[in-house]
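Some notes on the structure that comes next.
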Protein chains: 2
Amino acid sequence: MSDPKTDTGRPRRKNMRAAEREKLIVEEAVRFFAESGFEGQTRELAKRMGVSHAVIYRHFDSKDALIERVYDHVYLKRWNPEWEQLILDRDRPLQERLTQFYVAYAERVFDYDWVRLFVSSGLKSYGLTERYLDIIRTRIIEPAAQELRESRGGPEAPPPSDTPPAEEVELFWGLHGAVFYIAIRKYVYNIPLEINVEATVRATVANFFEGVLHGTRQTNRQEF
Amino acid sequence: MSDPKTDTGRPRRKNMRAAEREKLIVEEAVRFFAESGFEGQTRELAKRMGVSHAVIYRHFDSKDALIERVYDHVYLKRWNPEWEQLILDRDRPLQERLTQFYVAYAERVFDYDWVRLFVSSGLKSYGLTERYLDIIRTRIIEPAAQELRESRGGPEAPPPSDTPPAEEVELFWGLHGAVFYIAIRKYVYNIPLEINVEATVRATVANFFEGVLHGTRQTNRQEF
DNA sequence: TAGATAAGTGACCAATCGGTCATTTGTGTT
DNA sequence: AACACAAATGACCGATTGGTCACTTATCTA
């Protein structure tokens with residue numbers, strides 16, 4: 001039908017350069033493991049690429065080694081270091097900074113592959129999710145909590161300390177959960193969401209700050 | 001050492017009545033699948049009970065049949081129908097109702113087995129999580145959203161309709177996510193939480209209502 | 001164009017999986 | 001104590017698993 005030379009689709013069964021093949025395997029593996037979980041078979045993964053499963057073992061020592069590469073590819077590349085400065089930028093109101101952060105975060109991370117692989121690896125407890133959430137905690141949650149504590153307390157507020165305020169930290173984890181749960185509903189629970197994600201994120205952050213700024217601090221909080 | 005008749009521990013290797021054995025299998029399977037995921041082997045499950053894995057197949061037609069029973073045992077028994085009336089009880093402020101609900105909900109459901117099995121089955125998409133979240137939506141989220149819409153709107157507010165207000169519904173999903181994410185952090189991501197869960201739930205609900213009641217409705221919301 | 005080298009194949013392996021079955025062992029009944 | 005039946009066993013089956021290897025095929029280079 002079509003001349004393989006002019007066929008714009010994937011080159012059929014031709015040999016590929018090692019680097020190119022590896023990249024292709026990792027990309028296909030990301031999607032595959034996101035769908036099937038890590039117990040998905042290498043043979044089926046290979047079949048998707050139209051090659052024998054032995055090819056995978058030419059390029060990766062083991063299935064676990066491939067999974068490691070999948071992690072790298074999916075997680076590490078999606079963290080934007082600028083977010084860390086954004087949270088601390090006192091030229092803008094804290095609410096504005098967090099709105100921008102969560103809108104950008106959702107844009108990057110609310111994705112079938114990312115969310116499912118993250119939750120899957122959480123259940124397997126390879127220690128990977130713990131490391132990632134450490135970044136969220138130390139770079140986003142705790143700085144934001146510190147900013148809030150310093151900004152909203154009057155002159156009589158306790159002086160800022162090195163240890164982040166536990167009460168505010170938990171509230172920000174609540175905000176984080178409210179936002180991320182959107183992705184969980186969509187990609188883990190398969191709930192069809194017809195909502196505008198960005199608008200929902202904005203509204204969630206806005207509602208959070210309305211509570212946090214206008215609320216009375218004295219009630220319902222003493223038990224932390 | 002101890003007379004097997006008076007030994008309060010598990011009876012060693014003795015035959016059990018069918019009903020008793022089935023119950024024991026299901027209970028052990030709950031814990032086992034929560035730890036290992038549904039790909040855990042029946043042989044290892046049997047080994048935990050000190051029996052051969054053929055025993056499982058005497059009492060259950062297949063592994064899938066056992067998993068079905070595990071679902072029943074874990075999910076259906078933990079829903080309290082009184083919660084549905086609680087949300088609609090206009091003798092009390094809506095915030096109080098939701099606080100009571102989420103404190104009770106967390107008490108029942110924030111549990112290693114429950115949370116991990118729920119997320120696992122979500123990833124497998126057996127349709128089970130969808131059914132469960134339908135209950136949450138129709139019995140809790142949408143009624144609460146309706147209550148809020150009717151309570152906070154002044155006389156000029158639009159008349160209540162049969163279809164729940166989408167804007168409020170999404171906000172309440174945010175509250176639900178903020179609360180449930182506590183359990184996800186603890187049991188899926190293995191983050192050690194030293195917090196008082198009940199106090200955190202109360203604070204989360206309180207902060208949510210401070211935002212929802214004191215906030216200005218006009219800003220940041222028009223895009224839903 | 002011929003040889004060298006890298007890429008890909010398919011058969012194979014040992015371990016593991018869900019599931020079955022003839023047989024043995026325990027237990028309530030008479 | 002003897003019988004009948006239920007419970008449990010362990011060997012076995014066929015399919016599937018991650019992984020290997022000798023061999024074939026494609027591509028680059030001289």
Side-chain angles (χ1 to χ4, degrees), chain A residues 3-7 9-30 32-33 35-71 120-121 124 126, chain B residues 3-7 9-30 32-33 35-71 120-121 124 126:
Chain A
D3 178 7
K5 283 270 176 51
T6 62
D7 189 344
R10 72 182 68 179
R12 289 215 158 274
R13 194 71 58 96
K14 294 275 185 71
N15 288 0
M16 293 178 78
R17 287 279 165 219
E20 194 184 352
R21 173 64 76 191
E22 276 179 41
K23 193 181 157 205
L24 201 152
I25 292 175
V26 170
E27 283 168 358
E28 194 72 44
V30 166
F32 178 69
F33 288 134
E35 288 174 13
S36 330
F38 297 116
E39 67 271 20
Q41 314 177 26
T42 52
R43 274 162 232 261
E44 202 185 319
L45 167 57
K47 195 189 293 176
R48 287 193 182 198
M49 300 185 292
V51 295
S52 142
H53 83 288
V55 167
I56 292 172
Y57 292 95
R58 167 179 293 275
H59 295 279
F60 298 90
D61 288 344
S62 67
K63 187 180 178 179
D64 281 343
L66 173 58
I67 291 175
E68 279 296 317
R69 285 285 303 273
V70 165
Y71 284 147
S120 286
S121 64
K124 301 276 182 214
Y126 289 148
Chain B
D3 177 7
K5 282 269 177 51
T6 62
D7 190 344
R10 72 181 67 177
R12 288 213 160 273
R13 197 70 60 94
K14 293 276 185 71
N15 286 0
M16 292 179 78
R17 288 283 170 210
E20 194 185 352
R21 172 64 75 191
E22 276 180 40
K23 195 181 155 204
L24 200 152
I25 292 175
V26 170
E27 283 168 358
E28 194 72 44
V30 166
F32 178 69
F33 288 134
E35 289 175 13
S36 331
F38 296 117
E39 68 270 20
Q41 314 176 25
T42 52
R43 276 163 232 260
E44 202 185 319
L45 167 57
K47 195 189 293 176
R48 287 192 183 199
M49 301 185 291
V51 294
S52 143
H53 84 287
V55 167
I56 292 172
Y57 292 95
R58 167 180 292 276
H59 295 278
F60 298 90
D61 287 345
S62 66
K63 187 181 178 179
D64 281 342
L66 173 58
I67 291 175
E68 278 296 318
R69 285 286 302 275
V70 165
Y71 283 147
S120 286
S121 64
K124 301 277 182 211
Y126 289 148

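Hydrogens, waters and symmetry mates are skipped; everything else that's a heavy atom, side chains included, is used. In what follows, chains are A, B, ... by sequence order, proteins preceding strands, each numbered from 1.
Counting to the nearest Å, the P atom of dC28(D) and the CD atom of Glu20(A) are 11 Å from each other. The separation between Arg21(A) atom CZ and dA26(D) atom P is 14 Å, rounded to whole Å. One atom, CD1 of Ile25(B), and another, P of dA7(D), lie 11 Å apart when rounded to the nearest Å. One atom, CG of Leu45(B), and another, C1' of dG19(C), lie 15 Å apart when rounded to the nearest Å. Summarising the geometry, the separation between NZ on Lys47(B) and C1' on dT9(D) is reported as 16 Å, rounded to the nearest angstrom. Regarding Ile67(A), its CD1 atom lies at a distance of 11 Å from the C1' atom of dG18(D), rounded to whole Å. Between the CE atom of Met16(B) and the P atom of dG28(C) there is a distance of 13 Å, given to the nearest Å. Straight-line distance from the CD atom of Glu39(A) to the C1' atom of dG18(C): 15 Å, rounded to whole Å.
Contact between the side-chain N/O atoms of His59(A) and the OP1/OP2 oxygens of dG8(C) is found at a separation under 4.0 Å. OP1 or OP2 of dA26(D) has not a single side-chain nitrogen or oxygen of Lys14(A) nearer than 4.0 Å.
Between Phe33(B) and Phe38(B), the ring planes are tilted. Angles from 30° to 60° get that label.
The side chain of Ser62(A) lies closest to dG19(D), out of dG19(C), dG19(D), dA7(D). With dT20(D), dT25(C), dT20(C) as the candidates, the nucleotide lying closest to the side chain of Asn15(B) is dT25(C). Ranking dT9(C), dA7(D), dG10(D) by closeness to the Ala18(B) side chain, first place goes to dA7(D). Distances from the side chain of Tyr57(B) to the nucleotides dA8(D), dT20(D), dT20(C) place dT20(C) closest. Side-chain proximity of Arg43(B) to the nucleotides dG18(D), dA8(D), dG19(C) is greatest for dG19(C).
With hydrogens and angles left out, the side chain of Arg58(B) and the base of dA8(D) share a donor-acceptor pair within 3.5 Å. On a pure distance criterion of 3.5 Å, no polar donor-acceptor pair joins the side chain of His53(B) and the base of dG18(C).
As judged by a 4.0 angstrom heavy-atom cut-off over every strand, Ser52(B) is placed among the base-contacting residues. Within the 4.0 angstrom heavy-atom criterion, only backbone atoms of the sugar-phosphate kind lie near Arg17(B); the bases stay farther away.
Atom NZ of Lys47(A) and atom CG of Leu45(A) lie 11.5 Å apart (nearest 0.5 Å).
Taking both residues in full, the closest heavy atoms of Lys63(A) and Gly40(A) are given as NZ-O, 2.7 Å, listed atom of the first, atom of the second, then distance. Of all heavy-atom pairs spanning Ile56(B) and Met49(B), the tightest one is CG1-CE, 4.4 Å.
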Which is it for Glu39(B) and Lys124(A) under the salt bridge (charged side-chain N to carboxylate O under 4.0 Å, His left out) test, yes or no, and what are the steps along the way?
-> CA-CA 12 Å; Glu39(B) 68 270 20; Lys124(A) 301 276 182 214; 2.3 Å; yes
